[in-house]
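None of the values given here were measured: they were computed from a predicted structure.
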Amino acid sequence: MSNFSGLNIGLSSLYAQQRGLQVTGHNIANANTDGYSRQRVDLSANHGPVSPAVHSRWSGAGNGVTVDGTDRVRDEFLEGRALVEHGRDAALRAVNGVLREVETTFAEPGDIGLQAQMSDFFNGWDDVANNPDDLAARTQLLERAETLATGLNRAAAGLTGLRDVSVQQLDALTEEVNATATRVAELNQAVSVATRSGLSPNDLADQRDRLVSQLADLVGATRQVDQDGMVTVLVAGRPLVSGPDTLELELSGTDPAQLTWAADGAAASIMGGQVGGLLSSVNEILPRHAARLDEIAAALADTVNTVHVDGVDQAGNAGQPLFVSASGPLTATSIRVGLSDPTQLAAAESGSPAGSRNGGNAMRLAELAGATGSSDTLYRAYIVDLGVEVQTSLRRVDIQAQMTAQVDAAREAVSGVNLDEEMTNMITFQRAYEAAARFVTSVDQMLDTLINRTGLVGR
């Protein structure tokens, strides 16, 4: 081995330690960058020749060090699991948000909720039963009936409005998914070009993977790593992104709401992410709550009208239906009060003469409050079920949040920048650089002695 090879060994070390310092500085600079994965210099010993030559052999220790590249420190298992957990978390949060809005729509318990309005309505029949000929009591009862019907209309409109807003949000999220997928495809292409060119694609890959994580939050996307560093992003079993190519999603139809693939119109059965949560809310949760409200409105009309038509009003005429439908089947949206004259309220029992002070039928109507199958009982049961559903949803969100946080902590432990570790690495590379520089100086002095001082005597 020539003494000149020592210079090459020292130079290779200087380059390697310098590269290590640069990567360490890059890690420190991006310690707070969202989605950044810490990087590590991959070094390998540059061995001497292994093929024998005629009348010669290698007697050196090696040829120094080679920088093979810069790797991203990531755990693919944790990365894949994080996408799944984030997709579930986003879906549960979307559902919980809708349920909390439903809870707000009914404002229970409170003085302005439907429960208070029902209580006022049935208490009004008590007042009429005690004073059947009191026009003020009759007028107040009719107004309370109007208030109750309007309250049901307003609650139904609130659920319909919440569904419409959710559908609009679905449309906006679909456009965001398509735009994000296009950007992922562009970064896929850039990563592939950098990899084939022998350049470092790490920072581009970080940007792309951060966008893939956003797709997991939006539609529960997962990914597969392909050749040349590209990834395939899967949604509902189909590739939303495949290399530099994308498939677009579109919202086709709102009742029920359905996402389809623009290429062939096939349905996309999305269950994860915000989109999956909103689809579940729009197609299952909100229609179910609207049906419960319609059931309450129908029970109110049926039970009250059945008793009301069995009595007589102040003129001695048979009672008429108190609650009617504005159009079509009677629902919470269509329910209306069918009487406008307080004297038409059938407070007296059947067979009572005109002007009778009999309030027996009004008493029967007042007793409907709390009766089995009445609107009051059904509504109380519904509010209890709604409260349990909201609390259950919130509990699921809390549990999933803890699971997601645990996975994120594990990912951060592997991929995140630890400043203490980077400071240690920085000192290590610095000392190694100084040692390599001292080694080069020593070799230079040896060569100076060999070249300039060999053969000189007496100096």
Side-chain angles (χ1 to χ4, degrees), residues 22-23 25-42 68-87 89-90 172-250 259 261-263 268 270 272-275 404 407-408 411-412 414-417:
Q22 291 172 345
V23 171
H26 189 55
N27 286 340
I28 294 173
N30 289 279
N32 296 316
T33 300
D34 184 30
Y36 178 79
S37 300
R38 69 185 177 95
Q39 300 179 20
R40 179 180 59 198
V41 176
D42 188 11
D68 292 332
T70 305
D71 299 329
R72 287 195 305 160
V73 182
R74 293 169 72 85
D75 186 319
E76 288 301 325
F77 172 76
L78 290 176
E79 296 298 327
R81 185 182 172 193
L83 294 179
V84 174
E85 299 299 343
H86 274 272
D89 182 70
L173 289 176
T174 303
E175 294 181 3
E176 184 179 351
V177 167
N178 292 332
T180 304
T182 299
R183 181 57 180 154
V184 170
E186 293 172 353
L187 288 170
N188 253 350
Q189 180 70 21
V191 168
S192 178
V193 171
T195 301
R196 292 197 302 267
S197 302
L199 304 175
S200 175
N202 293 342
D203 295 324
L204 291 173
D206 280 342
Q207 295 179 34
R208 180 199 60 199
D209 290 346
R210 182 169 58 85
L211 293 176
V212 173
S213 180
Q214 292 179 12
L215 288 175
D217 288 334
L218 290 171
V219 287
T222 58
R223 69 167 194 164
Q224 295 176 350
V225 180
D226 301 331
Q227 295 179 347
D228 294 333
M230 293 191 290
V231 297
T232 296
V233 180
L234 300 173
V235 173
R238 292 190 65 175
L240 177 67
V241 180
S242 179
D245 303 318
T246 63
L247 290 178
E248 288 193 350
L249 290 166
E250 62 182 6
L259 260 66
W261 298 100
I270 298 174
Q274 297 180 53
V275 170
T404 305
V407 174
D408 286 342
R411 288 175 61 233
E412 184 67 18
V414 175
S415 302
V417 176

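- Smallest separation of non-hydrogen atoms from Leu83 and Ala221: CB-O, 3.7 Å.
- The two atoms that bring Val231 and Asp226 nearest to each other are C-OD2, 3.6 Å, heavy atoms only.
- With a 4.5 Å cut-off on side-chain heavy atoms, Glu175 and Asn178 do not count as touching.
- Looking at heavy atoms from C-beta onward, Val41 lies out of side-chain contact with Asp68 at the 4.5 angstrom threshold.
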Given Leu234 and Gln224, is the side-chain contact (heavy atoms from CB on, under 4.5 Å) satisfied, shown in steps? CA-CA 8 Å; Leu234 300 173; Gln224 295 176 350; 3.6 Å; yes
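- With no hydrogens or angles considered, no side-chain donor-acceptor pair links Thr195 and Asp228 at under 3.5 Å.
- Between Leu240 and the choices Asp245, Thr246, Val212, Val235, the side chain to side chain contact (heavy atoms under 4.5 Å, CB included) rule is met once, by Val235.
- Two residues are said to be in side-chain contact when any heavy atoms from C-beta on lie closer than 4.5 Å; Trp261 and Arg238 meet this criterion.
- Residues Gln39 and Asp203 have side chains in contact (heavy-atom distance under 4.5 Å, counting atoms from C-beta outward).
- When all heavy atoms of Val219 and Ile270 are compared, the pair lying nearest together is O-CG2, 3.7 Å.
- Contact of the Val417 side chain with the Asn30 side chain is not registered, since no non-hydrogen atoms from C-beta on lie closer than 4.5 Å.
- Shown here is Arg40, whose CZ atom has no more than 12 heavy atoms of other residues, nucleotides or ligands within 6.0 Å.
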Applying side-chain contact (heavy atoms from CB on, under 4.5 Å), run through Glu85 and Asp408 and close with a yes or a no. CA-CA 9 Å; Glu85 299 299 343; Asp408 286 342; over 6 Å; no
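- Residues Leu259 and Thr174 have side chains in contact (heavy-atom distance under 4.5 Å, counting atoms from C-beta outward).
- Here the OG1-NE2 distance, from Thr33 to His26, works out to 8.0 Å after rounding to the nearest 0.5 Å.
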Starting from the C-alpha separation in whole Å, work towards a yes-or-no answer on side-chain contact (heavy atoms from CB on, under 4.5 Å) for Arg208 and Arg183. CA-CA 8 Å; Arg208 180 199 60 199; Arg183 181 57 180 154; over 6 Å; no
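- Minimum interatomic distance between Ala90 and Asp217 (heavy atoms only, all atoms of both residues): CB-O, 3.2 Å.
- Residues Val73 and Ser415 share a closest heavy-atom pair of O-OG, 2.9 Å.
- The closest donor-acceptor contact from the side chain of Asn188 to the backbone of Gly243 lies under 3.5 Å.
- No more than 12 heavy atoms of other residues, nucleotides or ligands sit less than 6.0 Å from atom CG of Asn32.
- The line from CG of Asp71 to CG of Asp42 is 5.0 Å long, rounded to the nearest 0.5 Å.
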Do Arg223 and Glu76 pass the salt bridge (charged side-chain N to carboxylate O under 4.0 Å, His left out) test, and can you show the C-alpha distance, the side-chain angles, and the key distance before you say yes or no? CA-CA 10 Å; Arg223 69 167 194 164; Glu76 288 301 325; 2.6 Å; yes
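- When all heavy atoms of Leu218 and Thr180 are compared, the closest pair comes out as CD1-OG1, 4.5 Å.
- The side chain to side chain contact (heavy atoms under 4.5 Å, CB included) test with Asp209 singles out one residue from Glu79, Gln214, Arg74, and that residue is Arg74.
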